[in-house]
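Everything below concerns the one structure shown next.
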Amino acid sequence: MSSSFSDWLDLLMRVLNKLPLTLLMLGVSLFFSLIIGVIVAIVRVQKRPISYAIATFYLSFMRCTPLLVQLFLVYFGLPQLLLLVNIDINGWDRFVFVVIAFSLYTGAYLSEVIRSAYLAVGKDQLEAAYSVGMSYSQALLRIILPQAFLVALPDLGNNIIELLKDTSLAFTIGIIDIMGQVRIILGNNYGIGMFEIYFTISLVYWGTCIVIENMIGLLEKGLKKGRVSIAD
């Protein structure tokens with residue numbers, strides 16, 4: 001650890017400069033994974049034979065294969081597969097492939113979180129909604145999902161943190177995010193030791209996770225407080 005404080009500060013700023021891209025990957029992937037998770041959870045709850053079998057296969061594949069393998073399948077395999085039907089996506093930005101892979105992977109885990117939260121709300125809530133003339137979709141959007149979201153929030157927070165850490169794999173297909181920036185610094189030999197570099201990036205990920213944890217905690221407290229106020 002022979003680097004000066006100014007060298008370390010310069011390293012930290014170089015890494016933080018790529019934090020917005022990492023957070024963008026996180027946010028966009030989380031948005032689509034939530035959509036996937038809700039759809040798959042509803043399919044699994046309703047248990048219609050064909051859609052249930054497809055959803056079960058999807059969950060099994062996503063949860064039993066490494067994310068890095070899935071990322072390579074999407075980035076290298078999907079364009080080749082679509083070329084068989086004369087669809088060329090080779091010109092797409094790498095960011096799109098990263099979002100597709102991360103969304104499919106995280107969506108599988110979120111679907112089980114959402115399904116468990118959905119079942120925790122109870123059928124009586126759904127029956128009460130039917131009794132006042134609501135359709136299933138209306139009951140789902142107005143009653144079931146808002147309550148299920150509160151139940152699922154702690155596990156959702158854990159999955160968001162996992163997704164943040166998973167974004168570190170994006171550099172393997174050429175995305176210059178936090179981890180990609182570190183690889184550039186290592187390759188150009190800025191005179192900073194390897195320990196300082198990886199210690200710095202660990203601090204950035206750690207600090208970001210702490211911020212996310214606190215935000216989830218505040219959101220959970222706010223929603224619980226609002227729920228109690230409405231009940232009163």
Side-chain angles (χ1 to χ4, degrees), residues 23-67 70 99-167 208-232:
L23 294 178
L24 180 62
M25 279 193 294
L26 172 66
V28 176
S29 299
L30 178 62
F31 173 78
F32 287 109
S33 62
L34 280 170
I35 294 175
I36 293 170
V38 169
I39 294 172
V40 174
I42 293 173
V43 168
R44 296 264 292 170
V45 168
Q46 293 181 340
K47 293 186 177 180
R48 295 175 181 172
I50 297 177
S51 58
Y52 182 83
I54 294 172
T56 301
F57 172 79
Y58 159 73
L59 288 179
S60 178
F61 181 82
M62 289 296 161
R63 296 171 67 182
C64 297
T65 55
L67 175 56
Q70 295 175 23
V99 168
I100 292 173
F102 289 169
S103 299
L104 290 172
Y105 179 80
T106 306
Y109 287 90
L110 289 184
S111 69
E112 289 300 281
V113 172
I114 295 168
R115 185 176 71 90
S116 298
Y118 179 101
L119 295 175
V121 173
K123 292 183 178 180
D124 56 330
Q125 297 284 332
L126 193 59
E127 292 171 356
Y130 289 152
S131 69
V132 296
M134 286 188 182
S135 64
Y136 178 75
S137 59
Q138 289 175 327
L140 191 67
L141 293 174
R142 297 181 185 181
I143 297 177
I144 304 299
L145 288 182
Q147 295 184 65
F149 177 75
L150 181 58
V151 174
L153 197 53
D155 287 332
L156 177 61
N158 292 334
N159 278 274
I160 292 174
I161 290 174
E162 287 299 319
L163 179 56
L164 171 67
K165 293 185 289 186
D166 288 339
T167 60
T208 307
C209 286
I210 290 174
V211 172
I212 292 173
E213 284 179 346
N214 289 332
M215 290 176 63
I216 294 295
L218 290 173
L219 179 60
E220 186 177 5
K221 288 180 181 178
L223 290 175
K224 285 182 178 178
K225 184 177 180 180
R227 189 176 180 182
V228 171
S229 298
I230 292 173
D232 293 342

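The chain is numbered in sequence order, starting from 1. Bear in mind that the values here come from a model prediction, so they are computed numbers and not experimental data.
- The minimum heavy-atom distance between Leu59 and Ala108, with the atom names listed, is CD2-O, 3.3 Å.
- Taken from CD1 in Ile160 to CE in Met215, the straight-line distance is 8.5 Å, to the nearest 0.5 Å.
- Ile143 places a side-chain heavy atom less than 4.5 Å from the side chain of Met134.
- Counting all heavy atoms, side chain and backbone alike, Asp155 lies closest to Asn159 at O-ND2, 2.8 Å.
- At a threshold of 4.5 Å between non-hydrogen side-chain atoms, the residues Ile36 and Ile39 do not count as touching.
- Of all non-hydrogen atoms in Ala41 and Ser111, the two that sit nearest each other are CB-O, 3.4 Å.
- For the pair Leu110 and Val38, the minimum side-chain heavy-atom distance is 4.5 Å or more.
- By the 6.0 Å contact criterion, CZ on Phe31 is open, its count of non-hydrogen atoms from other residues, nucleotides or ligands being 12 or less.
- Side-chain contact between Leu23 and Thr208: present, with at least one pair of heavy atoms (C-beta onward) separated by less than 4.5 Å.
- The residue from Leu104, Val99, Val28, Thr106 that alone fulfils the side chain to side chain contact (heavy atoms under 4.5 Å, CB included) condition with Ser33 is Thr106.
- Note that CZ of Arg142 is 9.0 Å distant from OG of Ser137, once rounded to the nearest 0.5 Å.
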Val43 and Arg48: CA distance, side-chain angles, deciding distance, side-chain contact (heavy atoms from CB on, under 4.5 Å) verdict | CA-CA 7 Å; Val43 168; Arg48 295 175 181 172; over 6 Å; no
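- Atom SG of residue Cys209 and atom CG of residue Asn214 lie 11.0 Å apart, to the nearest 0.5 angstrom.
- The distance from atom CD of Gln70 to atom CD1 of Ile100, rounded to the nearest 0.5 Å, is 13.0 Å.
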Could you go step by step and tell me if Leu26 and Ile212 meet the side-chain contact (heavy atoms from CB on, under 4.5 Å) rule?
-> CA-CA 11 Å; Leu26 172 66; Ile212 292 173; 4.0 Å; yes
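- Residues Tyr118 and Leu140 meet the side-chain proximity criterion, which asks for heavy atoms closer than 4.5 Å.
- The shortest heavy-atom contact between Gln147 and Val121 is CB-CG2, 3.9 Å.
- Listed here is the closest heavy atom pair of Glu220 and Leu150: O-CD1, 4.2 Å.
- When all heavy atoms of Val113 and Leu156 are compared, the closest pair comes out as CG1-N, 4.4 Å.
- Remark: Ser29 OG to Leu34 CG distance equals 11.0 Å, nearest 0.5 Å.
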Dump the intermediate steps for side-chain contact (heavy atoms from CB on, under 4.5 Å) on Phe102 and Leu67, then the final yes or no.
-> CA-CA 8 Å; Phe102 289 169; Leu67 175 56; 3.8 Å; yes
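- Side-chain contact, Thr56 with Arg44: a donor N or O sits under 3.5 Å from an acceptor N or O.
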Criterion side-chain contact (heavy atoms from CB on, under 4.5 Å) on Phe149 and Leu219, from CA distance to verdict | CA-CA 11 Å; Phe149 177 75; Leu219 179 60; 4.3 Å; yes
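- Looking only at side-chain heavy atoms (C-beta outward), Tyr105 and Leu163 stay at 4.5 Å or farther from each other.
- Remark: side-chain polar atoms of Ser60 are not paired, donor with acceptor, to backbone N or O of Phe57 under 3.5 angstrom.
- Rounding to the nearest 0.5 Å gives a distance of 11.0 Å between OG1 of Thr167 and CG of Leu24.
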